[in-house]
Amino acid sequence: MFLVSPNFSDLFTPNIEIKKFPDGESYVRIPDLGACDSQPITLLHRLYPEQNNSLLELLLIIDELAYQKCDVTVLSPYLPYSRQDKKILEGEIASGKVVCNLLAHTGCKILITLDCHFLKGTGDFTHGELPIRNISMAKPLIDYAREQIFKHEPFEVIGPDQGASYLVEHAGGTALTKVRRGYKGGAIIYRDVETLEGNVDLHGKNVLILDDMISTGNTMIKTVEWAREAGAKKIACAATHGLFLGNSLDKLEAISDAVFTTDSILNPAAKVSIKKHFDEHLQSLFSAA
Ligand code: R5P
């Protein structure tokens, strides 16, 4: 088993070079390519920020490794485009599936990722033509809340929408029902939250709101407001992936008691390490090899 990575310097010493040409195109080099020949390879690749460049660079690396007859496992904690998994308006593209097909066609045998938006559970799936193993960070995030935020006082776990059901229900939590508005904006489009509904009594209780990701923060902010109105005591916000666009982290910190994520995407609120969970996976890959 051979590990290669261009950009996981917090977990691993990078051994793939990525540079830029003056026009912005990517230069990719795998100095140890000779050692990879016909080996099973695990490719660790963070795909955010700069997701468009990173995805192209990933495809370039996979293509070369596949040409060297390597079996390539890609380990990327956050899969970009995973929220574009449905066609709602005529002519829209299900970009998540296109990305998965590109990975599969280029030579990725399996993608291992964390709380992938379009997968509604943990375990093995196929999306488009790509086999995917989805690992959940819900338990480590809930454990962090129990120990570091609520100091072993009881707390309720809620998810802002039905997509978060599998994150919260194993812990006895409740997923709300979220209705989004249509797209707003000009060149940059987004969708506000219209309503949140749920049948859970939060009065006087500590609450952990848990989601797969915080992007613009709209969903989490609305859910904090909903929980406050329902009479919640201490409120903590957590997600596997923290993109925190604009000043959403500041806003969330101002209206809640704690905000934290994993370090799947490096950000100032990243408190829960993905390393142990990936390490466990890598161990099982090693022992299976
Ligand atoms: C959507 O269904 C996801 O689970 C998240 O709730 C959503 O992507 C968060 O996005 P934002 O922070 O922009 O509301």
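As the structure is a computational prediction, the values presented were derived from the model and not from experiment. Numbering of residues begins at 1 and proceeds along the displayed sequence. Both counts, for ligands and for their atoms, begin at 1 and track the order of listing.
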Under a 3.5 Å threshold, yes or no: a donor from one side chain and an acceptor from the other, between D212 and T240?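 No - no donor-acceptor pair under 3.5 Å links their side chains.
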
Between the side chains of T261 and K271, does any donor sit under 3.5 Å from an acceptor?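 No - no donor-acceptor pair under 3.5 Å links their side chains.
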
Search all heavy atoms of P131 against all heavy atoms of E129 and return the closest pair with its distance.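 Taking every non-hydrogen atom into account, CD-O, 3.5 Å.
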
Closest non-hydrogen atom pair, S82 against C116: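 Closest approach of S82 to C116, heavy atoms only: CB-SG, 4.1 Å.
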
So does K251 have more than 12 non-hydrogen atoms from other groups sitting under 6.0 Å from NZ?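 No, the 6.0 Å shell around NZ holds no more than 12 heavy atoms from other groups.
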
Who passes salt bridge (Lys or Arg N to Asp or Glu O under 4.0 Å) against K233, sequence neighbours left out?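 Expected list: E153.
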
What does the list of residues with a heavy atom under 4.0 Å from ligand 1 look like, ordered by chain and number?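 Ligand 1 is contacted, at a heavy-atom distance under 4.0 Å, by R83, H117, D161, K178, R180, D211, D212, M213, I214, S215, T216, G217, N218, T219.
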
